[in-house]
Amino acid sequence: MEFFCYHRDRPGSAALRMELLERHWSYMDQYEKELIARGPTFAPGGDAPSGSVHIVDLPDPAAARAFAFDEPGYQAGVYRDVLLLRWRDMLGRTMWDFPGGRTGGNRYLVLGLGAGGPADLTAAPDGRDDLIAYGPLLSDDATTWLGTAALVRAPDADAARGVLAVERYADIEIHPWEFGGRR
């Protein structure tokens, strides 16, 4: 089962985040085979971290909760909240398989929160060579569509927003993002 996990930083926690960086990476190293994508988000227009994205394939919701809440930064109070939802990999690959590589161009987390009927349940948008990861956000039992999460390479935030049909979502969040981890 695939899960989307987004730890959002608590204001003023940057120093603690940096202090725990090696512990965070060591923790994530335990999940190397299960990770589909990972990396930090940043405050708009800056280099200050604002959160941490992990898309992971785990046996069940209990394992996903343990993954999210045993993370050293969460345990130490770095994060203000955690968004943890089932997710479905519509591209069939990890971020390390992205043909565009780890560098070059701007990267974004695009998070669409659902409003009404489901979208993005059967396929990724056509002609989207800049999609790094893409899929619907679902309830624990995968029966209810809650939104869509994508990692995308785009010239700017407005272009990144364009991967989702705006009219299908109550809200769309755009966060600067970069590839994370040691790979």
Side-chain angles (χ1 to χ4, degrees), residues 1-8 21 24-59 64 67-68 71 83-114 118-138 142 145-169 172-183:
M1 294 180 179
E2 298 154 337
F3 294 87
F4 174 85
C5 181
Y6 185 31
H7 292 90
R8 296 175 196 255
L21 188 59
H24 167 77
W25 283 350
S26 294
Y27 180 79
M28 290 303 156
D29 287 347
Q30 298 172 62
Y31 294 94
E32 182 178 358
K33 292 182 175 101
E34 292 85 5
L35 284 164
I36 295 167
R38 69 186 284 193
T41 59
F42 297 91
D47 292 331
S50 63
S52 190
V53 172
H54 297 92
I55 302 173
V56 62
D57 189 357
L58 294 168
F67 168 84
E71 192 277 335
L83 177 63
L84 178 64
L85 296 169
R86 289 278 303 273
W87 185 79
R88 186 176 306 136
D89 183 0
M90 302 305 289
L91 301 177
R93 65 174 187 231
T94 71
M95 72 177 202
W96 297 277
D97 300 321
F98 172 60
R102 291 181 61 100
T103 60
N106 300 319
R107 314 295 172 103
Y108 298 92
L109 164 63
V110 181
L111 191 56
L113 305 174
D120 312 306
L121 290 174
T122 58
D126 290 334
R128 297 292 186 170
D129 295 336
D130 289 329
L131 291 175
I132 299 163
Y134 187 91
L137 298 167
L138 305 164
W145 175 81
L146 303 172
T148 302
L151 299 172
V152 60
R153 179 178 58 188
D156 55 42
D158 287 337
R161 183 183 311 276
V163 303
L164 300 182
V166 175
E167 67 278 0
R168 303 296 297 268
Y169 297 90
I172 298 176
E173 299 178 13
I174 308 296
H175 304 272
W177 172 83
E178 68 181 33
F179 275 58
R182 303 178 201 265
R183 291 190 199 191

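Everything numeric here is computed off the predicted structure, so don't read it as measured data.
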The criterion is side chain to side chain donor-acceptor pair (under 3.5 Å); which residues satisfy it with [X], sequence neighbours excluded?
{"X": "D97", "value": "T94"}
{"X": "S52", "value": "none"}
{"X": "N106", "value": "none"}
{"X": "R153", "value": "D130"}

Any [X] side-chain heavy atom under 4.5 Å of [Y] side chain:
{"X": "D89", "Y": "W87", "value": "yes"}
{"X": "T41", "Y": "V53", "value": "yes"}
{"X": "F3", "Y": "I55", "value": "no"}
{"X": "E71", "Y": "H54", "value": "no"}
{"X": "L111", "Y": "L137", "value": "yes"}
{"X": "W96", "Y": "R102", "value": "yes"}
{"X": "R107", "Y": "V152", "value": "no"}
{"X": "L131", "Y": "L91", "value": "yes"}

Nearest atoms (heavy-atom pairs only) where [X] meets [Y]:
{"X": "L84", "Y": "A68", "value": "CD2-CB, 4.1 Å"}
{"X": "A43", "Y": "P176", "value": "O-CG, 4.4 Å"}
{"X": "L35", "Y": "F67", "value": "CD2-CZ, 4.5 Å"}
{"X": "P59", "Y": "M1", "value": "O-SD, 3.7 Å"}
{"X": "R88", "Y": "A142", "value": "NH2-O, 4.4 Å"}

For R93, check salt bridge (Lys or Arg N to Asp or Glu O under 4.0 Å) against everything at least two apart and list the hits.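 Result, salt bridge (Lys or Arg N to Asp or Glu O under 4.0 Å) vs R93: none returned.
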
Give, for atom [atom1] of [X] and atom [atom2] of [Y], the distance between the pair rounded to the nearest 0.5 Å.
{"X": "L164", "Y": "E167", "atom1": "CG", "atom2": "CD", "value": "10.0 Å"}
{"X": "L109", "Y": "F4", "atom1": "CG", "atom2": "CZ", "value": "5.0 Å"}
{"X": "I132", "Y": "M95", "atom1": "CD1", "atom2": "CE", "value": "8.5 Å"}
{"X": "L113", "Y": "L146", "atom1": "CG", "atom2": "CG", "value": "9.0 Å"}

Got a sec, which residues hit side chain to side chain contact (heavy atoms under 4.5 Å, CB included) with [X], two or more places apart in sequence or on another chain?
{"X": "D57", "result": "E2, I36"}
{"X": "E34", "result": "Y31, V56, L58"}
{"X": "E178", "result": "P40, F42"}
{"X": "A154", "result": "Y108, A159, A160"}

So, T148 versus Y134: side-chain donor-acceptor pair below 3.5 Å or not?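 No, no side-chain donor-acceptor contact under 3.5 Å.
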
Within the supplied structure, the quantity of interest is the number of heavy atoms (other residues, nucleotides, ligands) at a distance under 6.0 Å from D47 CG; does it exceed 12?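 Atom CG in D47 is not crowded, with 12 or fewer foreign heavy atoms closer than 6.0 Å.
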
Quick one: ring pair (Phe, Tyr, Trp, His ring centres under 6.0 Å) partners of H7, sequence neighbours excluded?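 Checked H7 against ring pair (Phe, Tyr, Trp, His ring centres under 6.0 Å); matches are Y79.
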
Suppose we screen for ring pair (Phe, Tyr, Trp, His ring centres under 6.0 Å). Which residues come up paired with W177, at least two apart in sequence or across chains?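 Once residues adjacent in sequence are excluded, the partners of W177 under the ring pair (Phe, Tyr, Trp, His ring centres under 6.0 Å) criterion are F179.
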
Flag the pair E32 and R38 as a salt bridge only when some basic side-chain nitrogen lies within less than 4.0 angstrom of an acidic carboxylate oxygen.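 The answer is no: the pair does not qualify as a salt bridge.
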
Given salt bridge (Lys or Arg N to Asp or Glu O under 4.0 Å), test E173 with R8 step by step and report yes or no. CA-CA 13 Å; E173 299 178 13; R8 296 175 196 255; 3.0 Å; yes

